[in-house]
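Single-structure report; data block below.
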Number of protein chains: 2
Amino acid sequence: MSNPPTIKEIAKRLNISPSTVSRALHDHPSIGLRTKMRVHQLAKELSYEPNQTAIFFQQRKTYTLGVIMPSLSEAFFSSAISGIEDAANKNRYSVLMGQSHDDEQREKQIVETMKNHRVDGIIVSISKNTVNYDHFEMLKKYNIPIVFFDRIPKLPNIHYVACDMEAGTIQLVNHLLKDGHKVIGMINGPEKLYASQQRLDGYIKALGKKPLKFDPSLIATTDLTCEGNFQATQQLLSAKRKVTAIVAFNDYVALDAIKYAREKKIKINQDVTFVSYANLPISSYTDFPPAITVDQFPYLQGQKATEILLELLEKGDKEQEETTYYKIIVESKLIFP
Amino acid sequence: MSNPPTIKEIAKRLNISPSTVSRALHDHPSIGLRTKMRVHQLAKELSYEPNQTAIFFQQRKTYTLGVIMPSLSEAFFSSAISGIEDAANKNRYSVLMGQSHDDEQREKQIVETMKNHRVDGIIVSISKNTVNYDHFEMLKKYNIPIVFFDRIPKLPNIHYVACDMEAGTIQLVNHLLKDGHKVIGMINGPEKLYASQQRLDGYIKALGKKPLKFDPSLIATTDLTCEGNFQATQQLLSAKRKVTAIVAFNDYVALDAIKYAREKKIKINQDVTFVSYANLPISSYTDFPPAITVDQFPYLQGQKATEILLELLEKGDKEQEETTYYKIIVESKLIFP
DNA sequence: ACGGTTTACTCAAACGTTTGCATAGCCTGA
DNA sequence: TCAGGCTATGCAAACGTTTGAGTAAACCGT
């Protein structure tokens, strides 16, 4: 017999029924000690291992979590994934991965595949270009819970984990104000990104309280390309009111902005203070890092999202109708490189 | 009926047998056109979807690849993973992920989990601390092919994809020699790493041809921590023979080395030229990037590894005993940031 | 009209495990 | 002694799909 040993096999050899073997292996109380021992003994001898696919099939549960991210190689997401994997692994779950490349079709296809694989739950950071959420709504019918991560769709009754970038931005801007900055510019990301909105809202709220109201000409947007970043920087630096600080959308944008500013002979963090978001490892290697960066703790967020998903899975079995939705906000923190 | 529709369900409603339905759905030639239509029709109406777990179970195939990396968040690996996922996705395979954190036990456990999940094949970059390869050998019994990636164990008869860092190093050193450098130091990684050996071998071979033979005092090793990097740099800079170029183990090491050198008022890439490996995105943001960096194309390597694994899977079904082993070497390339 | 092929379908087993229910044997207490 | 209650086990169905083997009916040419 070259095939791996099965419960049936063990049963036959011991002249008992498969059900007894199954129960013996699970230490079921109604199985005699003697039989239990014999079963365990033989199982070890044959180095029996349960066929998980059979169990998945039978139990309608795969102990697998689906994770869908726009990109697997981007630092923020890969940190998150690392946190997810660690948390999942600790709870004996496996992780099935997919990357959407910010393509709605691909995202749909991945969701489909994961549904077919019967993952128990899904963590997803939606694609920038996804405008239709049917593929996520559909999962409800299949009883597959979703935890949205970082990029959150505008849907009612969803679970999510994200960083409150509005609050983070308020903190950040307040810090700048306290340091005496009066004219603070912002290089924001594409308007339709939720992340951009949050930053903008925080920026406005923080400034709104102060006499020097919000000035739209101090907001530039970038498409996140290098050229876009330069252009936005140029726009801010040539504004009528001289900015003394610039809030950049993230560290990459900040570094480009700094690069541009240096070419214009501006003294970084003296003439103009640059602050941003992310806390990439880069910062410690560059000579002119942003003065402050808002860390979003992607690893922690990933962990948190996983824990929530696992909780949902546990609950799902017991109380079918659970109407409280997790809306977890991880606090960001100002880092001074 | 709240449960998802099954083949049986369709069969019952149409008063035909499940086998007919199954074959109809697969466009089996022996099913009448009329019946086929009726089946497809009803399947669509009920929005039938095959239960993959049942199929996995029945076919002993999961269309899933296992990927084990030391870390999911490190740039090199996450790029590789991105390549793997893209290649797998294109071939309708899913990817199950695990990170070993360079821990042998965890690696073993992940292999175990993946075997239980009945992944069809595995791509693995082994942990630094793995000294025993039984868990990989064991997979042969289960007919699960492995493709080793980048970090390759010393085992006979294995498939692997890696970058020939020896050749890359030879190229790199030759380039330095051509530029007139006479005394070239090296900051190498931990000796037991294969990656370190390759770099060393390349270094020696490149220098061996020249009159200025290989000088052991020009080799420092680092444990890859920041302090280790500084220390190694110090060692090289204070060597009796004044080095005019330093080959660093990777970009991170190089950046630390450069940082240290700058503190010692050394003019980067003038007094001493720094070169390294990786081509991290960092390089373009830092003021003093390594003058040359050897790109290993992790994304491409990941793709390649996946393609090989898929080929193995196809072959495995037909010719059980295939004795040719893939040893794919991806060529590295010198990049001048 | 009859042997033989083709067409279109059914049957039943198989994949490996779990689990509700049945039951045989034994013990216990009144 | 017997009802009742354990203890240890077996039976069989179920999960959903695929597939080899079998077969009834229709069709063919002669």
Side-chain angles (χ1 to χ4, degrees), chain A residues 1-40 42-43 46-64 115-120 142-143 317, chain B residues 1-40 42-43 46-64 115-120 142-143 317:
Chain A
M1 208 97 23
S2 77
N3 284 16
T6 69
I7 281 193
K8 285 185 187 176
E9 179 70 16
I10 296 182
K12 201 178 290 174
R13 296 217 198 188
L14 257 38
N15 253 321
I16 55 181
S17 90
S19 42
T20 304
V21 176
S22 171
R23 284 192 249 255
L25 290 171
H26 287 76
D27 265 331
H28 192 285
S30 83
I31 300 298
L33 189 57
R34 212 185 124 56
T35 320
K36 250 183 217 176
M37 305 256 291
R38 294 208 308 149
V39 169
H40 278 111
L42 185 57
L46 300 180
S47 69
Y48 162 79
E49 310 203 24
N51 181 334
Q52 286 288 2
T53 60
I55 297 175
F56 292 161
F57 170 47
Q58 211 266 146
Q59 311 230 300
R60 288 116 172 276
K61 183 142 169 54
T62 58
Y63 296 93
T64 302
K115 185 197 63 195
N116 286 344
H117 270 257
R118 294 293 204 271
V119 296
D120 296 335
Y142 292 84
N143 238 321
D317 296 347
Chain B
M1 210 95 23
S2 76
N3 285 17
T6 70
I7 281 194
K8 285 184 186 176
E9 179 69 18
I10 297 181
K12 200 178 293 173
R13 296 215 197 189
L14 256 39
N15 253 321
I16 54 182
S17 91
S19 40
T20 305
V21 176
S22 171
R23 285 192 246 256
L25 290 171
H26 287 79
D27 265 333
H28 192 284
S30 84
I31 300 298
L33 189 57
R34 213 186 123 59
T35 320
K36 250 183 216 175
M37 305 256 291
R38 293 207 308 149
V39 169
H40 277 112
L42 184 56
L46 300 181
S47 69
Y48 163 80
E49 309 202 26
N51 181 334
Q52 287 289 2
T53 60
I55 297 175
F56 292 161
F57 170 47
Q58 211 267 147
Q59 311 229 303
R60 291 116 169 271
K61 183 144 169 54
T62 58
Y63 296 94
T64 302
K115 184 198 64 195
N116 285 343
H117 269 258
R118 296 291 205 271
V119 296
D120 296 334
Y142 293 84
N143 236 322
D317 296 346

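This is a predicted model, so every value here is computed, not measured. Proteins get letters first, then strands, A, B, ... in listed order; numbering begins at 1 in each.
Atom NZ in B:Lys61 sits about 16 Å away from atom C1' in D:dT18, given to the nearest Å. Look at CZ on A:Arg38: it is 13 Å from C1' on D:dA8, rounded to the nearest Å.
A:Lys115 meets the side-chain hydrogen bond (donor to acceptor under 3.5 Å, both in side chains) test with A:Glu112, B:Glu49; sequence neighbours excluded. Every residue two or more places apart in sequence or in another chain that forms a side-chain contact (heavy atoms from CB on, under 4.5 Å) with B:Thr64 is listed here: A:Leu96, A:His117, B:Thr62, B:Ser94, B:Leu96, B:Val119. For the side-chain hydrogen bond (donor to acceptor under 3.5 Å, both in side chains) test, no residue two or more places apart in sequence or in another chain qualifies with A:Asn116. Checked against ring-ring contact (aromatic ring centres under 6.0 Å, His included), A:Tyr63 has the following partners two or more places apart in sequence or in another chain: A:Tyr93. Among residues two or more places apart in sequence or in another chain, the side-chain contact (heavy atoms from CB on, under 4.5 Å) test is passed with A:Ser19 by A:Ser17, A:Arg23. Shown here are the side-chain contact (heavy atoms from CB on, under 4.5 Å) partners of B:Ile55, two or more places apart in sequence or in another chain: B:Pro50, B:Gln52, B:Gln59.
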Just distance, no hydrogens or angles: give the donor-acceptor pairs under 3.5 Å from side chains in residues 27-34 of chain B, sequence neighbours left out.
unit_1, atom_1, unit_2, atom_2, d
B:His28, ND1, B:Ser30, N, 3.1
B:His28, ND1, B:Ser30, OG, 3.2

For nucleotides 9-19 of chain C, give me every protein contact, N/O to N/O, under 3.5 Å, one pair per line with atom names.
unit_1, atom_1, unit_2, atom_2, d
C:dC9, OP1, B:Thr35, OG1, 2.3
C:dC9, OP2, B:Gly32, N, 2.5
C:dC9, OP2, B:Thr35, OG1, 2.8
C:dT10, OP1, B:Ser17, N, 3.4
C:dT10, OP2, B:Ser17, N, 3.0
C:dT10, OP2, B:Ser17, OG, 3.4
C:dT10, OP2, B:Thr20, OG1, 2.2
C:dT10, O4, B:Arg23, NH2, 2.8
C:dC11, N4, B:Ser19, OG, 2.8
C:dC15, O3', B:Arg60, NH2, 3.1
C:dG16, OP1, B:Arg60, NH2, 3.1
C:dT17, OP1, A:Tyr48, OH, 2.3
C:dT17, OP1, A:Asn51, N, 3.2
C:dT17, OP2, A:Ile7, N, 2.6
C:dT18, OP1, A:His26, NE2, 3.0
C:dT18, OP2, A:Ser22, OG, 2.7
C:dT18, O4', A:Gln58, NE2, 2.9

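Annotation: the terminal axes of the helix from C:dA1-D:dT30 to C:dA30-D:dT1 meet at 50°, where each axis is the rotation carrying the C1' atoms of four end pairs onto the next four (5 pairs per end, rounded to 10°).
Contact of the B:Asn51 side chain with the B:Thr6 side chain is not registered, since no non-hydrogen atoms from C-beta on lie closer than 4.5 Å.
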